[in-house]
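Working notes for the structure below.
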Amino acid sequence: MGLARRVDVTASAMASPDAAHRSAPSRKRRKSQVGLAFIAPFGALFALVFIVPILYAVYLSLFQDKLIGGNTFVGFANYGKLFQDPQFWDGVGRVFRFTLVQVPIMLIFAMALALALDSMRVHGTRFMRVTIFLPYAVPAIVATLMWGFLLGVKYGLFGSLNDALGTDLDPFAPDTTLISIGLMVTWAFTGFNMLIFYAALKAVPRELYEAAAIDGANELQIVRAIKLPALRGSLVVTIIFSIIGTFQMFNEPQILPSMVANSGVTTFYTPNLYAYNLAFTGSQQGYAAALALVMAAITIAVAYAVQIRGLRNAPEQ
């Protein structure tokens, strides 16, 4: 019996490597199944709120409501009509001009605030951070109403100044409405971008500043040689976020016409506003879906170009 027991033990020991090889794939499968179970809720929600709406928009863009025939399949006719639509390109051009002017001003201002807070020479740094960030927490509709009352000439601050000084300044005149919208957007999003810059500066080791100070570098030289290069990555991120945000501008031009007369805001003032009016006022859902998809493609292309340019400069950091 002892010999038989030893033979069984030896046989099981000789079979164990094969069993281990067989059990390894099964363990990997179990781990994969556990991982899929964890990401399944996110995948389902992502498909429901992102993939499905995009596919539905593509489907809608291939149809057109006609007086005779109802909802008719037209293929890519909506896209061909869109590329020849002067109102669409007018809104796209306005958004591009707004982005080229407003985004650099906002980011420079946010960067200057972040550098000031990181210098440790500003009293009440925590209070200042919260105060500067607070406008970002104000809903866009509330912020637009607030600035509309503030800058309006009928019942706002500028109206009182005009009465007191005998002037005729109107921030919401057709030629200056876009500037006023830029002021609103800058006020709302400077704090958000400032926090991104501030977090990037806090990640820089303080030993670098001390070593530079020992070598005789002044504050301006430290900013130029250490802090600004450290902000390159966060600058790319903020530029991309800002481009996406400005290309989606909707709340300000949607609300202002109801508050201010003769503001110059038309139904096609921005592409988003144009799509909204086409879909919910003009009953042209297919054309609006085509417009939305084209604007999404333009936004992705511009953001991708900015990202590629930022990655190209990454080795220089």
Side-chain angles (χ1 to χ4, degrees), residues 98-151 156-157 171 179-246 248-249 251-252 303 306-307 309-311 313-317:
F98 180 85
T99 302
L100 290 174
V101 176
Q102 187 269 334
V103 170
I105 293 174
M106 177 181 63
L107 295 184
I108 290 173
F109 191 36
M111 191 179 300
L113 290 171
L115 290 170
L117 293 176
D118 187 67
S119 67
M120 306 299 290
R121 297 186 179 182
V122 178
H123 295 289
T125 303
R126 294 181 180 178
F127 175 76
M128 291 296 296
R129 286 205 309 264
V130 174
T131 303
I132 296 171
F133 179 77
L134 192 59
Y136 180 74
V138 178
I141 296 176
V142 176
T144 304
L145 292 172
M146 182 186 72
W147 280 99
F149 284 114
L150 181 66
L151 301 180
L157 176 62
I179 298 175
S180 299
I181 293 176
L183 178 62
M184 300 179 197
V185 175
T186 301
W187 175 83
F189 290 95
T190 295
F192 173 78
N193 294 299
M194 180 273 297
L195 278 187
I196 294 178
F197 291 138
Y198 185 74
L201 291 173
K202 283 299 181 184
V204 178
R206 290 289 164 180
E207 291 79 4
L208 291 178
Y209 302 151
E210 295 173 1
I214 292 173
D215 290 339
N218 57 33
E219 189 68 27
L220 182 59
Q221 290 172 331
I222 292 175
V223 168
R224 198 163 56 187
I226 299 177
K227 293 187 177 183
L228 290 182
L231 292 177
R232 285 184 181 177
S234 57
L235 181 61
V236 174
V237 173
T238 54
I239 290 175
I240 293 174
F241 285 172
S242 301
I243 289 173
I244 294 173
T246 53
Q248 294 178 344
M249 186 167 58
N251 290 304
E252 293 83 3
V306 171
Q307 184 180 12
R309 183 59 182 266
L311 292 176
N313 294 333
E316 301 175 5
Q317 297 182 14

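Please read these numbers as outputs of a predicted model, since none were measured by experiment.
Note on residues 105-135: pairs passing ring pair (Phe, Tyr, Trp, His ring centres under 6.0 Å), not counting sequence neighbours, are Phe133-Tyr136.
Put simply, OH on Tyr198 and CG on Leu113 are 12.0 Å apart, with the number rounded to the nearest 0.5 Å. The distance from the CG atom of Leu183 to the CD1 atom of Ile179 is 10.0 Å, given to the nearest 0.5 Å. Here the CG-CZ distance, from Leu117 to Phe197, works out to 13.0 Å after rounding to the nearest 0.5 Å.
Ala140 and Asn251 get closest at one heavy-atom pair: CB-ND2, 3.4 Å.
Applying the side chain to side chain contact (heavy atoms under 4.5 Å, CB included) criterion to Pro205, with sequence neighbours excluded, gives Glu207, Leu208. By the side chain to side chain contact (heavy atoms under 4.5 Å, CB included) test, Ile105 pairs with Val101, sequence neighbours left out. Residues passing the side chain to side chain donor-acceptor pair (under 3.5 Å) test with Thr246 are Thr99, sequence neighbours excluded.
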Identify all side-chain donor-acceptor contacts of residues 210-231 below 3.5 Å with residues at least two apart in sequence or on another chain.
residue	atom	partner	partner atom	Å
Asn218	OD1	Leu220	N	3.2
Asn218	OD1	Gln221	N	2.8
Gln221	OE1	Asn218	N	3.0
Lys227	NZ	Asp118	OD2	3.1

Review item, side-chain donor-acceptor pairs of residues 237-245, under 3.5 Å, at least two apart:
residue	atom	partner	partner atom	Å
Thr238	OG1	Ser234	O	3.1
Thr238	OG1	Leu235	O	2.8
Ser242	OG	Thr238	O	2.7

Can you list, pair by pair, the side-chain donor-acceptor contacts under 3.5 Å of residues 186-196, counting residues two or more places apart and other chains?
residue	atom	partner	partner atom	Å
Thr186	OG1	Gln102	NE2	3.2
Thr186	OG1	Gly182	O	2.7
Thr190	OG1	Thr186	O	2.5
Asn193	ND2	Phe189	O	2.8

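No more than 12 heavy atoms of other residues, nucleotides or ligands shown are found within 6.0 angstrom of CD1 on Ile141. Atom CZ of Arg126 sits in a sparse spot, with 12 or fewer heavy atoms from other residues, nucleotides or ligands closer than 6.0 Å.
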